[in-house]
Amino acid sequence: MKKILFLTTCCLCFQNVAIPARAQSSADQNPSHKKTSGSQKKDAARSKNRNETIDVTERRKVAGGGMMVRHTIAKTVSSLSHNYIEMQSPTSTIESLISTLPGVVSASEGPLTTSFSTLHIRGMAQAEIGVTFEGMPAANPFTYSTYTPSLVDSQNMGQVNVMQGAVDINSPTYNATGAEISASIRGPEDHQHVHVAGSGGSYGTNKDFIRYDTGEIGHTGVRAFASGSYSRGDMWRGVGDIERWHVDSALTKQWAPGSDSKVIFGWTKAAQGEWLYPSLANWKKYGMKYGLDDQYSPGATHYVGLNGKNTGAVYGTLKNHFSFGNGLSLDAQAYSVEFHGPYYYGATLPVKNGYVGAQSYNSLDNYQNLPGYDPTNKNLTTAELSNWYTLSSGLVLTGHWQHKFNTLSLTYWYSYAQEAAQMRFYPVNSKGQWNGNGAALTANGGVPLGEDNENGLQQLNSFAVDDKMSFLHGRLTIDGGIRMAMANRQYTQDLPGVVGSNYKSIKNVFVPSPQVLINYNFNSHHQIYVNGTTGYHLPGSLSSQLASYSRTTGKAQSLPLADYKPEYMITEELGYRYNGLFMANVAGFHYNVTNHQISAQSYVEGSTSTISQLINAGGMEAYGVQAEIATRPWHHISAYASGQYMHTRNGNNIAYSGDYLRTKGKEEVGAPKYSGSLGLTYNDGKWFGNFTLSYTGSQYATLMNDQHIPGYITANLGVGRTLPKIGHVTPKIKLNLVNMGDEHYLSSMYGYTAAATTQKGVFGTTIKGSSPTYVIGSPFVAMGTISADF
């Protein structure tokens, strides 16, 4: 509360300084007019009434309370507008918001999280889904993890779009096989404005937020905003806490009609305890209580003091659109995005006869004097510290030429990315304490212990050409294009005993990606579309090119892909849209994937850190239908419904452990056959509310389909009221209830495996199974918010 009062006071002071300054400027120009004239009062009143009229008109146009937005492109797209987003919990992330859209399997991990989330769209896993924010690639450029809590506060989200079966031909992504999420920021407002909000709720969660909009500065055509927020909460399962500091800002300049520039900047600093992901056995034993411990004993790697994520992000972009007349225009965007750690985990190390990289050691250096050393225990409890960063920068240029019925677009995208990660181990004393700034553990006379000392570098050049032709007075459009990407990626793993091709790997890839889009409008209400699109996914992370080594055996515990090829997907869609008394979209789809890549993730023995093994699962096919419908407000009430049916089938037996697993004909992991959502919204300009009910069907967690999680239903509610004005202040209150039924459920898979039980290979080899790990869905959460607009 002190933070809220402080931010409010600062905001009011800033406003009180800014307004007199403008008044003084006016007074200087008209010294004889010391008081507001009657005509000025009438103008102000007319402006106020005009703004209120615009607000009412906008509410009447919104379909499904903002849960559906009109699109005319010949691809299936679902969107959420700011009208819907602002009714949700102020700590919502992009993944939790889009869970109501057709084909999306996503669930919140809790009232507050700063780590990446798990996500599936039409059976495609998170790493196969492109994510962009204001035209910038928003995922880790090497692992494709998405840190959406670091991108933008939900109060600043403008619109979130999900393209379920295709990727925009100009999108700066190289991991999007067949789905893309794009989000935009809510730009600066036309008039000076201050918004302050404070929220609090379950599990000690609170969020303080402030945003200041300058309005147009003088008559320069420049507008800007800046916002800051602080969030904290307790981890709702186990022990530990979460903190997040975040800044959003943007500046826009209108140069001339049709030409403008935008500068967007964001910064995040976050810290939280590590979420632990249970196996099915652990879920049945511990349920919703599975998490970190607050008591330490030697070997207790789940101790809260040994596990956490200190993450940060900095991004910036300059976007320009220039119109030159005669149908010529240019979009130019430069960007840079940086994510960094460190992460730290609890781990045990062999005091004697262990390994660093592929090199053995007889004993740890000076082991008898190490904190926490026990001569009766062959292992030493340590904190495993992973310092890492990724940096991705690029330039996207798109030129357009529109002449009569034809629009030609040419795009060039250059991307440069680098990353580094270094692992070190630190001894833990009898109280569970360790010093990350102290001396790291060494062996063999000063060699630092670590399983990871990697460097990655990537350069990508992408060219796209697209030609759109319009016939029958714009009712029929045919759009054809191709994108061609050339990528060079190299990794080094600098560990003792790791040499030659195990030390460095360089890969070069060329991928063409064509598409055809056909759209026909019968009239302004009815539209049909058909498309054939392709997408690709470059193999991700170090594990695709180099092995990692066990600290207990010195042997490879994950192996690189034997056949390094990009995943490739061909998709066909046939859809129908209606826009009239209500909005509707129905689409049938079919896709075929080759070199389908699945990351089998598991915990390292004796540690809370994980290791991934990339598996080329061969071919995969899917077909299905999705539908979405939303009504326009009637007596201030609007409704929404969406659903999807999908059937998937793996086309190959996969190579595994020197044999083949009988996976042909099995269903894809993380791909429920049935899913759907219902929504109901009320908004009369004073009272507002939104209720959603979502169902996700059962999902397989292994390639052999020998373990799955059951389907689940969740319901969320948001209600609030705009209170009467107090002077120039408009207060508002809001209450959000998440998982109203307090459903205890596993929402999705964190780490897949090939098989959960022992299997016989095609050639008779006995293949040992391993347990998948799962994400526990958020419990019941209540969040109250009070806000004010000045």
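With values rounded to the nearest 0.5 angstrom, Asn387 atom CG is found 11.0 Å from Asp452 atom CG. In this structure, the separation between CD on Gln515 and CD1 on Ile169 is 4.0 Å, given to the nearest 0.5 Å. Here the CG-CG distance, from Asn736 to Asn716, works out to 8.5 Å after rounding to the nearest 0.5 Å. Within the model, atoms CH2 of Trp413 and CZ of Arg483 stand 7.0 Å from one another, a figure rounded to the nearest 0.5 Å. For the atom pair CD (Gln418) and CD (Gln490), the distance works out to 11.5 Å, reported to the nearest 0.5 Å. Here OG of Ser415 is found 5.0 Å from OH of Tyr174. Values are rounded to the nearest 0.5 Å.
At a cut-off of 3.5 Å, with distance as the only test, no side-chain donor of Asp260 or His321 sits close to an acceptor on the other residue. Side-chain contact of Glu95 with Thr146: a donor-acceptor pair under 3.5 Å is present, judged by distance alone. No hydrogens or angles considered: a donor-acceptor pair under 3.5 Å links the side chains of Ser393 and Ser336. Looking at Thr100 and Thr692, their side chains never bring a donor and an acceptor atom within 3.5 Å of each other. There is no side-chain donor-acceptor pair under 3.5 Å between Asn206 and Tyr230.
The aromatic rings of His193 and His195 lie parallel to each other, their planes meeting at an angle below 30°, with 60° marking the opposite boundary.
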Would Val196 and Phe790 count as a side-chain contact (heavy atoms from CB on, under 4.5 Å) here? Give the steps. CA-CA 9 Å; Val196 180; Phe790 303 86; 3.9 Å; yes
Evaluate the criterion side-chain contact (heavy atoms from CB on, under 4.5 Å) for residue pair Asn170 and Val396; output intermediate values, then yes/no. CA-CA 9 Å; Asn170 297 322; Val396 183; 5.7 Å; no
Check against side-chain contact (heavy atoms from CB on, under 4.5 Å), Thr205 and Met783: CA-CA 8 Å; Thr205 304; Met783 286 284 289; 3.8 Å; yes
When you look at Asp153 and Arg211, which way does the salt bridge (charged side-chain N to carboxylate O under 4.0 Å, His left out) test go after all the steps? CA-CA 11 Å; Asp153 276 317; Arg211 169 171 165 150; over 6 Å; no
side-chain contact (heavy atoms from CB on, under 4.5 Å) assessment of Ser392 paired with Tyr335: CA-CA 8 Å; Ser392 175; Tyr335 65 86; 4.1 Å; yes
Let me see the working for Ser106 and Ser99 under side-chain hydrogen bond (donor to acceptor under 3.5 Å, both in side chains), right down to the final yes or no. CA-CA 5 Å; Ser106 174; Ser99 61; 5.8 Å; no
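Counting only heavy atoms from C-beta outward, the side chains of Asn156 and Phe209 approach each other to under 4.5 Å. Using a 4.5 Å heavy-atom threshold, the side chains of His400 and Asp331 count as touching. With a 4.5 Å cut-off on side-chain heavy atoms, Trp236 and Val781 do not count as touching. Side-chain atoms of Tyr536 and Val509, non-hydrogen and from C-beta on, never get closer than 4.5 Å to each other. Taking the side chain as every heavy atom from C-beta outward, Glu189 and Phe225 never approach each other to under 4.5 Å. Thr148 is not listed as a side-chain neighbour of Ile181, based on a closest heavy-atom distance of 4.5 Å or more. For the pair Arg232 and Asp234, the minimum side-chain heavy-atom distance is below 4.5 Å. Looking only at side-chain heavy atoms (C-beta outward), Phe688 and Glu86 stay at 4.5 Å or farther from each other.
Closest approach of Val738 and Ser778 over heavy atoms only: CG1-OG, 4.3 Å. Nearest heavy atom pair, residue Ile242 against residue Trp275, reads CD1-CZ2, 4.1 Å. Taking both residues in full, the closest heavy atoms of Glu128 and His537 are given as CA-ND1, 3.9 Å, listed atom of the first, atom of the second, then distance. Closest heavy-atom contact between Glu216 and Gly221: OE2-N, 3.1 Å. In plain terms, the two heavy atoms of Tyr203 and Pro111 that are nearest each other are CD1-CG, 4.2 Å. Of all non-hydrogen atoms in Glu454 and Leu542, the two that sit nearest each other are OE1-CD2, 3.6 Å.
At distances below 3.5 Å, at least one donor-acceptor pair connects side-chain atoms of Ser154 with backbone N or O atoms of Pro90. Here the side chain of Gln88 pairs no donor or acceptor atom with the backbone of Ile85 at under 3.5 angstrom. Distance alone, capped at 3.5 Å, places no donor-acceptor pair between the Thr143 side chain and the Asn140 backbone. The closest donor-acceptor contact from the side chain of Ser78 to the backbone of Val162 lies at 3.5 Å or more, if one exists at all. Judged by distance alone, with hydrogens and angles left aside, the side-chain atoms of Tyr344 form no donor-acceptor pair with the main-chain N or O of Asn310 at under 3.5 Å. When atom types are taken as modelled, the side chain of Thr91 and the backbone of Leu112 share no donor-acceptor pair closer than 3.5 angstrom. Checking side-chain atoms of Asn455 against main-chain N and O of Tyr491 turns up no donor-acceptor pair under 3.5 Å. Without hydrogens or angle criteria, Arg186 side chain to Gln155 main chain gives a donor-acceptor distance under 3.5 Å. Listed for the Glu134 side chain is a donor-acceptor partner under 3.5 Å among the backbone atoms of Ile185. With Lys309 contributing its side chain and Ala270 its backbone, the two residues share no donor-acceptor pair below 3.5 Å.
Between Arg223 and Asp213, none of the side-chain N atoms (NZ, or NE/NH1/NH2) sits under 4.0 Å from a carboxylate O, so this pair counts as no salt bridge.
Residue pairs that meet the side chain to side chain donor-acceptor pair (under 3.5 Å) test with at least one member in residues 63-73, sequence neighbours left out, are His71-Ser79.
A ring-ring contact (aromatic ring centres under 6.0 Å, His included) with Tyr315 holds for exactly one of Trp267, Phe133, Tyr147; it is Phe133.
A cation-pi contact, defined as under 6.0 Å to the ring centre and within 45° of the axis, links Lys253 to Trp255.
Counted within 6.0 Å of NZ on Lys319, heavy atoms from surrounding residues, nucleotides or ligands total more than 12; the atom is thus considered enclosed.
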